[in-house]
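In the text below, chain A, chain B and the rest are named by the order of the sequence lines, each starting its count at 1.
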Protein chains: 2
Amino acid sequence: MTETPLSIPIDRSSPVPLYFQVAQELERRITSGELAVGTRLENELVLAERLGLSRPTLRRSIEYLVDRGLLVRKRGVGTQVVMPRVRRPLELSSLYDDLSRAGEHPRTEVLRLAVEAPPDAVAASLEVDPGTEVYVLERLRYARDEPLALMHNYLPVGLVDLDEGKLAHQGLYQLLRAAGVTLKIASQSIGARNATAAEARVLDETRGAPLLTMERTVYDDVGRVVEVGSHVYRASRYSFELTLTD
Amino acid sequence: MTETPLSIPIDRSSPVPLYFQVAQELERRITSGELAVGTRLENELVLAERLGLSRPTLRRSIEYLVDRGLLVRKRGVGTQVVMPRVRRPLELSSLYDDLSRAGEHPRTEVLRLAVEAPPDAVAASLEVDPGTEVYVLERLRYARDEPLALMHNYLPVGLVDLDEGKLAHQGLYQLLRAAGVTLKIASQSIGARNATAAEARVLDETRGAPLLTMERTVYDDVGRVVEVGSHVYRASRYSFELTLTD
DNA sequence: GTCAATAGTTTGTCTAGACATAATTACCTA
DNA sequence: TAGGTAATTATGTCTAGACAAACTATTGAC
């Protein structure tokens, strides 16, 4: 129930929007514990005046953090700090990015890279006519020198130029973003099955070992399908971590 | 590249906020296909005047739909309809709700309902002291008269009163919501393993059959842990569908 | 013909203030 | 004392307008 007078420096000459400067600084203080859970913020009028901002601008900062689950507002009551534990609702990240961040030293072996007509089901997911040629990519992902996942990707040609060299050192999504593609939304399906003999051999498992399967279709900001992936992960080494909101 | 003059009736006497009336109607027209993908909206000034709203209010409507991935804005260019395919980023729903919606006639068999001290790991997830008594719940979920999942749940006492009768006919989350608990955020981990003999027997699978595992911790709007779940699903009958954004 | 400067269009940010509505608190009456 | 009513406080919604920045297309110069 503490209520701290809040002081945040604002740089009006910065290209960073004012509301975002405030939001960022608030987020930092909350996640760092500087603003403890349960702390009540001063009311918007006072806060706006103290920071030298208009109320709409200040409200926009707070709204941003409310959306992300760091603050709770109640009309007639006030605004309170809730959770430092929250991460993003869910990130559109690739396995490579995740592993890099976790310091797992990912490595990728490109087993196949071709331009050819994919299976009809994949063509349908890609929303191209059956028989259309697309990038077909088969990769083996290692973490700490152990095989982790066998990945099949399909991409329309023309978005990005792929070659083995680039793919060995960068994640596919990094390459897409670098090519100016804005990944916007993906739909995934996560399931499980037992490893076939061939999969077991590649992944250094035994036949029948449990595998996690993931099918993913990724769309960009204008609604184009930019990638279809069909991957299997060793369940003994990997699990999906998610955070849901609402 | 079509550009339609947009006409939306607005009820100023309604308690529904104006920006939301507009957002809802726009969403309906987009998902129904009435506003086709690629359609460009008129610019905000014109649109605001046509609808008799101020620009900030109109902008708020549009912002709502941009956040949900139905519209894209580009400065200097305009606002365009993108995807009718998007659903919510990801819903905090329970298996029971999902199945009901899908018309799968879910049924629940309560195998155990007790108040006792949970394993220490669960107590830690629940953020209660080891040895604290909590609800311990073991259930078998059927869909279309076939066993689908074996579910273990742990809840702090005092939030909701549980009894077998209620649990047979309603999902756990429905009961929580009815008790005034606002589910806000959950962190999940999805993995896979092979079925033990006991699990296989209960789930009508064979020993070694692939199972999807899910561990979930749910928090309410003020940051309390309200449920910890540890579930296994028959991979032959179930997969997780997700939509990621950003 | 090509490239750069420029003008026009459209969204992005910000301000100042008005009124509405929900939650709480204080008070006053029965 | 108990009850409801009124005042208070805070967020929610909305308006009207200003200026900034990004993108497009056109125009002009070489």
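With hydrogens and angles left out, the side-chain atoms of B:Tyr19 and B:Glu63 include no donor and acceptor closer than 3.5 Å. A:Asn153 and A:Glu227 are linked by a side-chain donor-acceptor pair at a separation below 3.5 angstrom, with hydrogens and angles left out of the test.
The separation between A:Lys74 atom NZ and D:dT11 atom P is 12 Å, rounded to whole Å. Put simply, CZ on B:Arg40 is 11 Å from P on D:dT24, counting in whole angstrom units. Taking atom CG on B:Asp67 and atom P on C:dG12, their separation rounds to 11 Å, with Å as the unit. In this structure, the CG atom of B:Leu41 is 9 Å from the P atom of C:dT11, given to the nearest Å. A straight line from CD of B:Gln80 to P of C:dT11 spans 11 Å, rounded to a whole angstrom. For B:Leu47 and C:dT9, the CG to C1' distance is 16 Å, given to the nearest whole Å. Rounded to whole Å, the distance from CG on A:Asp11 to P on C:dT13 is 16 Å. One interatomic measurement links the two molecules: CD of A:Glu63 to P of C:dT13, which rounds to 13 Å at whole-angstrom precision.
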Chi angles and distances behind the salt bridge (Lys or Arg N to Asp or Glu O under 4.0 Å) call for A:Arg224, A:Glu127
CA-CA 9 Å; A:Arg224 294 178 300 186; A:Glu127 299 178 5; over 6 Å; no
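Taking both residues in full, the closest heavy atoms of A:Arg73 and A:Val66 are given as NE-CG2, 3.8 Å, listed atom of the first, atom of the second, then distance.
Taking the side chain as every heavy atom from C-beta outward, B:Val81 and B:Leu71 approach each other to under 4.5 Å.
In this structure, B:Glu49 places its CD atom where only 12 or fewer heavy-atom neighbours from other residues, nucleotides or ligands lie under 6.0 Å away.
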How would you summarise protein contacts on nucleotides 13-18 of chain D per nucleotide, using B for base, S for sugar-phosphate only and - for none, with heavy-atom distances below 4.0 Å?
BSBB-B
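In this model, the phosphate group of C:dT10 is not approached by any side-chain N or O of B:Arg73 to a distance below 4.0 Å at OP1 or OP2.
In terms of position along DNA chain C, the nucleotide closest to B:Thr79 lies nearer the 5' end than the nucleotide closest to the other residue of the pair B:Pro15 and B:Thr79.
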